[in-house]
Amino acid sequence: MSVFSHFRTSVRNVAGRATVERELDDELRSYLDLLIAEKVKAGASPDEARRAALLKVGGIERVKDQVRDERPGMMFESAGRDLKHGLRLLRRSPGFAAIAIVTIALGIGATSAIFSVINAVALKPLPYPNSDRLVFLTSQFPTLGFDKFWISPPEYLELRERSKSYTDVAAYRITAVNVSDGTRPERVNAVAVTANMFNVLGVQPRLGRAFTAEQDLPTSEPVVILSDNLWKRAFGGESSIIGKQVEVQGRKRTVIGVAAPGFDLHDAAADVWLPMGLDPANRQNRGSHYLYLVARLKPSVTRGQAESELLSLIRQWGTINPGTHTPNDSTHRLQLAPLRDEVIGNVAKALWILQGAVLLVLMIACANVANLLLVRAEGRHKEFAIRTALGAGRGRILRQFMAEGLVLTTVGAALGLLLAHWGLAALLLANPQSIPRSAEIAIDPRVLLFTFVVAILTANIFGLAPLLHLGQSAVAAAIKEGGARTTANATRNRVRRGLVAAEIALAVMLVVGAGLLLRSFHNLTAVDAGFDARNVVTFGVFLPQATYPQADRRAQFEDELARKLRAIPGVQDVAAMTGLPPNRQVNANDTEFENVPMGPGLPAANVDYYNTTSVRYFEAMKIPILKGRGFTPGDVGGAGVAVVNDALAKRFYPNTDPIGRRIRSSGPANAPWFTIVGVAKDVKQGGLDQKVGTELYFNIEQGPHVNGFAPNALNFVVRSARPADALAPAIQSAVRSMDPGLPVVQLRSMESVFGDSVSRQRFLSLLLGIFAGVALLLAMIGTYGVLSYLVTERRREIGIRVALGASAAGIARLVLRQGLTITVAGIALGLVGALTLARVTQSLLFGVSPTDPLTYFAVGGVILAVALIACMVPAQRAMRVDPLVAIRNE
Amino acid sequence: MPPAQTNLLQGTLDLLILKALALGELHGLGVSRRIEQITRGTFDVGPGSLFPALHRLEAAARLASRWGPSENNRRAKYYTLTAAGRRQLDVETGNWKHIAIAISYALEAT
């Protein structure tokens, strides 16, 4: 009952606010009357009685305030009044309100935007049921320097048979295929999976069903599962698609299912799911590593237990399969990690750094707004002093500040969320592939909650800041000051200067971080890729095994298409190759080197990249030949020749001339030898920030008659001064004239290929650069604001100084010194902070030390210059102070 | 001993108000005077403590109030104990006696 009546009183207090107020008024008035009557009865004169009674009550308003504080519901009522008051004050100074709100919106918007990225990428579990039970298995070849490598089919099959830690182990391989509904071909991403993959991930197709073990054999009828996206895009989302046939890689496959919307693996953006078709009985080709594994831990098994089981399996492997290529403890390990870590990769760290950066921006924004509020509180100093003297509790005044802060932050946060929404959209549009799981990024309830908490915290900071100088003593001081501008408010100025110094320090830290990242990015783009990427257009063509079964037909196709492309006006040169730099993955080929000693302590007989190229490859790519020669037309019909890169020559022929030595792919004993005819300059195959691997070049045209090989996947490069868009129609029609069923894949300029390869670094440095710029701007505004205020406050002093004969330059020095003291303190603090944080950014940098002195000096200089500019205007204003006006005004 | 505006513990003031009202309906000044009387002039409760306490107790349904004519024929707000208020008075009285005895033992201990 008590709770109910409490509630009823609250409702009455809020609802019938006017009545309650009036009743309280009446009650106190009647109390006063009774008191006066009592005193008159005791013999006092009416006037005396009245004075004594009023004295006793000690301030009707104060009593009312105390009652209000006690009554439930009254809190809301007074909060409502505070809010209204806050709104009114802000309306009265729209300039101040606008600056404060925009500052807060920028801070909160940036913070929420980055948080929503972190939320989607790093915090949310992967979109599979119980995804924390999923692990990712890879191999490791320490002697070859491969930290994360694929697993071979026999290893997969044996691991699946022997391990007990998992409910099941599935394998996959990411690839790309030509798909056609019969009319226009399309090149799409595909994932080949073992039949159990859908069960391991725990997500079934939305239509039809997953692959069965019988459909996943080398001899099975070809089937396919489409992505929800491809099904809607290319097949109109008709459920009658099940059982229909589509052409994949020139081969008809029956559609047995449509995957669930958004279903994907390892950010492959898969549009087609194919059965892997491994032969469970085939345990040959043990060294052919091309599978990644995903396993689901049994509910009772921990990751630690699975790891120790894996280790003991590795140790037994050699004894169960003696004399073969098997995993072992030293040179060929297997490892497992949470699938989530693999998908997110190292981007989580970069994102947390960004989050740290935006929090710094938010802090600067807070400091700025707190400063603005301080300046305003300064103006209302006497108002508050009088209100305190009249009996307003400190709690009331505090609440009023809070209310003002709350109004500012609520509006700011709402605007910030809008900014975050637009910012995210722009961000994702500009950098779609630089963040994993980007499809899952959205402003969801968790982001809203985060924004809410951040807003509440900021509101508190703003609310409390002005109180720093509104202590009890300040009340007394303000009244005593009596409006005269004295230097007595040194404490307040100290707080304000401290805030600005802190702002500058934070800005320095951000700008140093951004500077280091920008230098890294610049270093990356300045890396010599080993070939001339300017004026080159590239595209890919895939020749399906079904329609191009013979090697010589494929080589012929390449030759003929190259000739057609060369005939396009403006084309200077054309070449084809299997591996397009700079985004190749290592393919680690076991290779035999004739008369090169092998053994422990010597380099393993393995080449990082094989590249099969057309004759004109080195000329078209403008890769310098360091020694010997490149391929020549004479090689086409001649004996097997190969070109090696400088890294390979140095690794395997350190003291001898590689020219004339012979080399061949490990495998059958009768494999033909290739004679090395030249050494080419190193090309950055694996990425601009990676070290160069060893590379071996074969010639496409001679392949069919030397070893019966010609590649299916070809990348063409077309050297021409004309842009990719201008060449595209001619290239398309050249390919169509050869085979209308072949899609032209990823036709673009080589420069954009390079741009994509550094997109994550560009994304990071761009964002951090924007944040640093905002921080710099805010710090500049902060410095300017505080100095202007200090100058205004010291007008009389300056006037007196001028009257006593101080020169204009002397006055300017006075102001500048004040500004520079703050700035230098801030810069020093910021540089120390940046050095402390250097360790964090290290892993994101390329070719620049995290303590790079040049960056630190430059940033210090820039900030100093910016602060000087911010000080200039107030200094000039100080110089123009007219002593007569200044002194008379006071 | 002169009437002192002794700082009362909050619970004590509530207890005194409940006790003062146990004998019948009173307005604010009446409560203050009754407390002065029953404490033999020890406590003179000023309006700054009295009214917040009255409103707090009313909000907690320990007291009920109504408007009625005062002795000088003006309107005044009269408070009475509710059943809950009476129960609380009993409980608090018991508690207080325990405490008072305990404290006086403590202070007499040698």
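Chain A is the first sequence line, chain B the second, and so forth, proteins listed ahead of strands; every chain is numbered from 1.
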J.: side-chain contact (heavy atoms from CB on, under 4.5 Å) for A:Glu23 and B:Trp67? Distances and angles first, verdict last.
T.: CA-CA 10 Å; A:Glu23 280 192 8; B:Trp67 287 89; 3.6 Å; yes
J.: Does any non-hydrogen side-chain atom of B:His55 lie less than 4.5 Å from one of A:Glu27?
T.: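 Yes. Closest side-chain heavy atoms under 4.5 Å.
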J.: Calculate, to the nearest 0.5 Å, the distance between atoms CG and CZ belonging to A:Leu34 and B:Arg33 respectively.
T.: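 Interatomic distance, A:Leu34 CG to B:Arg33 CZ, rounded to 0.5 Å: 10.0 Å.
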J.: With a 4.5 angstrom heavy-atom cut-off, which part of B:Arg74 approaches chain A: side chain, backbone, both or neither?
T.: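 Interface part for B:Arg74: side chain.
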J.: Looking at every non-hydrogen atom in both residues, tell me the closest pair between B:Pro47 and A:Tyr31 and how far apart they are.
T.: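 Minimum heavy-atom contact is CD-OH, 3.5 Å.
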J.: As an exercise, state the distance from CG of B:Leu29 to CD1 of A:Ile36, rounded to the nearest 0.5 Å.
T.: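 Rounded to the nearest 0.5 Å, the CG-CD1 separation comes to 11.0 Å.
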J.: Kindly indicate, with the supporting measurements, whether the criterion side-chain contact (heavy atoms from CB on, under 4.5 Å) is fulfilled by A:Asp26 and B:Arg75.
T.: CA-CA 8 Å; A:Asp26 287 351; B:Arg75 247 158 55 89; 3.2 Å; yes
